[in-house]
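One structure below.
Atoms within each ligand, like the ligands themselves, are counted from 1 in listed order.
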Amino acid sequence: MLSTDLGNSILAAREKRAFLRRQCVAAGQGALSLSLNIPGAPKCAPLFSACFDSVLAELKRFLFAHRIMIEADREISVRDEAGDFYLAPLKTEPAFPAIKALCEHFEATHPLGRIIDVDLTDQQGNPVSSHKLKRCFLCDNPAIVCMREQTHSYQELRKHILAQIQQYLDEQRKQQMCKQLATLALKAMLYEIALSPKPGLVDRFDCGAHQDMDYFTFLNSSAALAGYFEEFALSGYTFQAEDLSDALPLIRQIGLAMETAMFRETNGVNTHKGLIFLFGLSIFAAAYLLAHHPVFQEQQCRKVIANICDNLVQQELCMFTNQEHTHGAFCFREYGELYGGARKEAQEGFPSVFEHGLLEFKAQLAAAGEPCSATQMNDALTSTLLRLMSVVNDTNILYRKNLHTLNTVKQMAQNVLDAEHHAEKSARYADLIAYCRREHVSPGGSADLLAVTVFFYFVEASFSLPAEQRFLKNIREKT
Ligand SMILES: CC(C)(COP(=O)(O)OP(=O)(O)OC[C@H]1O[C@@H](n2cnc3c(N)ncnc32)[C@H](O[C@H]2O[C@H](COP(=O)(O)OP(=O)(O)OP(=O)(O)O)[C@@H](O)[C@H]2O)[C@@H]1O)[C@@H](O)C(=O)NCCC(=O)NCCS
Ligand SMILES: Nc1ncnc2[nH]cnc12
């Protein structure tokens, strides 16, 4: 039972809606409205509003796609005791039955169909009805019958509706976050390949120490991999098992399909094998955390990655030393446990990224200020790559050459960073580029870790607000 005060407030709010409709009639226009069918009270709550905003954004896209035009500058949104309400005059020539049929289709195919009410009134303010009976929320009877006979309690009805709304919002959040993580991963990957010039690596203008690939090979490879990033994210977002090391086979299953796609696209050239592994872990871990915590936290992320890869070096490099024939296994066998490559980096929760790359990238971008120009971004990426090269034990360099060359590259990278003047920096960087070309070395591991660094930079920037606030803000912007 509603209290008299609340009942009166709801009646007043409904009268306000009727007044708004009469304004459309006065202007000789049909109107379309959206509200939610929420039985009982309260009818206004943050959860309902979040749901309403999201449905409204969907409805607007649906109407626009079907060329049903509304007068956006005269639309009205109300949030009061009667709940959330939206009303807009129609611009479109009034083919009301067809518009009504489309609105009913929208309701019928929406996951919250029974809760949504899209109403249409003609130029005289008369409701346009198809006279179809709405079904009860809970049983298959016509809603009108259950309402008259009070078959279900408000409590029962609201419990059911709240669960449906929560499920819908959870699904929306999952889809939105996973898509966004996939977008950030692709962006980070493209930033790495776009950075020019780079020592030994492929960039926009040069193939570095490589003969079998160029800039376009990397664009092709990026395109082939982009479609899989969301799978990593969904897998992380929905991961339920207690033991995080159970995640590695899931990540690898997706990663192996990506390797096939990459080699098909590049005609057998290894452009991104290391990155597939590193991004698999990064995207999975970020999504896993964002599903459980509203704000992205670096340290938590490191722990998740380390737990997924718990004991990986021991399991795959120590125990299988004689069987594995990969570059990583060779380096480990030849040079010892400091040189565990991508597996060691992962098992330790990406120390190069979180203790070096990210610090450098953040400092450089902070110094550049907003907005950051293309040159400043290229400089920030260059410094970050150098910082990574100065610490990473890159198995690509080690495999192609030897420990002396790896240490020389690390020292030369550090020397560029230590240069005091711009001219000195440029000269040292040119020396490093020439050295890598002459020695045929390519720091592919550092290039991959640069992409991972940039990815986490974007993730932190995108998910620093509490997820709820960010999610709502996003929906409102779209509406
Ligand atoms: C765990 C794997 C990465 C296993 O690979 P591998 O046993 O070979 O181990 P690593 O050598 O440690 O790593 C492989 C790639 O990882 C990058 N990398 C190197 N050092 C590091 C490091 N210290 N930290 C992080 N990442 C590192 C690097 O990848 C990039 O370079 C590749 C291009 O190299 P390039 O020399 O040009 O080409 P190649 O063909 O290799 O040599 P050439 O013949 O031309 O001389 C490119 O891939 C970049 O991304 C290392 O190469 C993982 O792959 C794995 O689990 N494999 C098993 C199969 C699987 O499950 N796959 C799905 C994984 S999700
Ligand atoms: N730009 C690049 N050039 C060569 N190898 C790479 N591995 C990852 N990125 C690379």
Practice prompt. Using atom types as modelled and distance alone, determine if a side-chain donor or acceptor of R302 lies under 3.5 Å from a backbone N or O of G349.
Written response: yes
Worksheet item: Does ligand 1 have any atom that is closer than 4.0 Å to a heavy atom of K344?
Response: no
Response to the item:
Under 4.0 Å from one or more heavy atoms of T271, ligand 2 contributes atoms 7 (N), 8 (C)
Worksheet item: Looking only at protein heavy atoms, which one is nearest to atom 4 (C) of ligand 2, and how far off is it?
Response: H210 NE2, 3.4 Å
Response to the item:
Here the atoms of ligand 1 under 4.0 Å from any heavy atom belonging to N393 are 23 (N)
Response to the item:
A student comparing M189, M213, E192 should find that the heavy atom closest to atom 1 (N) of ligand 2 comes from E192
Item to complete: Answer with yes or no whether the side chains of Q411 and N415 bring together a donor and an acceptor at under 3.5 Å.
Response: yes
Worksheet entry | Residue portion contacting ligand 2 (non-hydrogen atoms closer than 4.0 Å) for I193 | side chain
Worksheet item: Checking side-chain contact (heavy atoms from CB on, under 4.5 Å) against I116, which of L34, L59, L56 comes through?
Response: L34
Worksheet item: Does the cation-pi check pass for R67 over F64, that is, NZ or CZ under 6.0 Å from the six-membered ring centre and within 45° of its axis?
Response: yes
Discussion item. Is the shortest side-chain heavy-atom distance between M262 and T271 below 4.5 Å?
Written reply: yes
Fill in: Subset of ligand 1 atoms that lie under 4.0 Å from at least one heavy atom of L449
24 (N), 25 (C)
Item to complete: May I ask you to list the atoms of ligand 1 that are less than 4.0 angstrom from any heavy atom of T326?
Response: 6 (P), 7 (O), 8 (O)
Discussion item. Are any of the N/O atoms on G340, whether in the backbone or the side chain, positioned under 3.5 angstrom from an N/O atom of ligand 1?
Written reply: no
Worksheet item: Should the pair R114 and F137 be classed as cation-pi, given the thresholds of under 6.0 Å to the six-membered ring centre and 45° from the axis?
Response: yes
Worksheet item: Is the shortest distance from a heavy atom of T271 to ligand 1 less than 4.0 Å?
Response: yes
Fill in: Check: N396 N/O within less than 3.5 Å of ligand 1 N/O
yes
Discussion item. Check contact between H210 and ligand 1, using heavy atoms of the residue and a distance below 4.0 angstrom.
Written reply: yes
Worksheet item: Purely on distance, is any nitrogen or oxygen of G328 under 3.5 Å from one on ligand 1?
Response: yes
Worksheet entry | Pairs touching residues 242-266 that satisfy ring pair (Phe, Tyr, Trp, His ring centres under 6.0 Å), sequence neighbours left out | none
Discussion item. Looking at E337, I'd like to know if its CD atom is crowded, meaning that more than 12 non-hydrogen atoms belonging to other residues, nucleotides or ligands lie closer than 6.0 Å.
Written reply: no
Worksheet item: Got an N/O contact under 3.5 Å between G274 and ligand 1?
Response: yes
Worksheet item: Looking at residues at least two apart in the chain, or sitting in another chain, which of them share a side-chain contact (heavy atoms from CB on, under 4.5 Å) with A413?
Response: L386, M389, S390, L432
Fill in: Atoms of ligand 1, numbered as shown, that sit under 4.0 Å from any heavy atom of G341
12 (O), 22 (C), 23 (N), 24 (N)
Worksheet item: Is the closest N or O pair between S442 and ligand 1 shorter than 3.5 Å?
Response: no
Worksheet item: Within a radius of less than 6.0 Å around NE2 of H105, do more than 12 heavy atoms belonging to other residues, nucleotides or ligands occur?
Response: no
Practice prompt. Return yes or no for this condition: an N or O of L256 is under 3.5 Å from an N or O of ligand 1.
Written response: no
Worksheet, complete the sentence: In H110, Q172, K60, the residue satisfying side-chain contact (heavy atoms from CB on, under 4.5 Å) with V55 is H110
Discussion item. I need the atoms of ligand 2 closer than 4.0 Å to a non-hydrogen atom of D448, numbered in the order shown.
Written reply: 7 (N), 8 (C)
Practice prompt. Would you mind running through ligand 2 and noting each atom that sits below 4.0 Å from a heavy atom of A447?
Written response: 8 (C), 9 (N), 10 (C)
Discussion item. Under a 4.0 angstrom heavy-atom cut-off, which atoms of ligand 1 come close to D448?
Written reply: 17 (C), 28 (C), 29 (O), 30 (C), 49 (C), 50 (O)
Worksheet item: Counting only heavy atoms not in E156, do more than 12 fall under 6.0 Å of its CD?
Response: yes
Worksheet item: Closest non-hydrogen protein atom to atom 2 (C) of ligand 2, residue and atom name please, with distance?
Response: F218 CZ, 3.5 Å
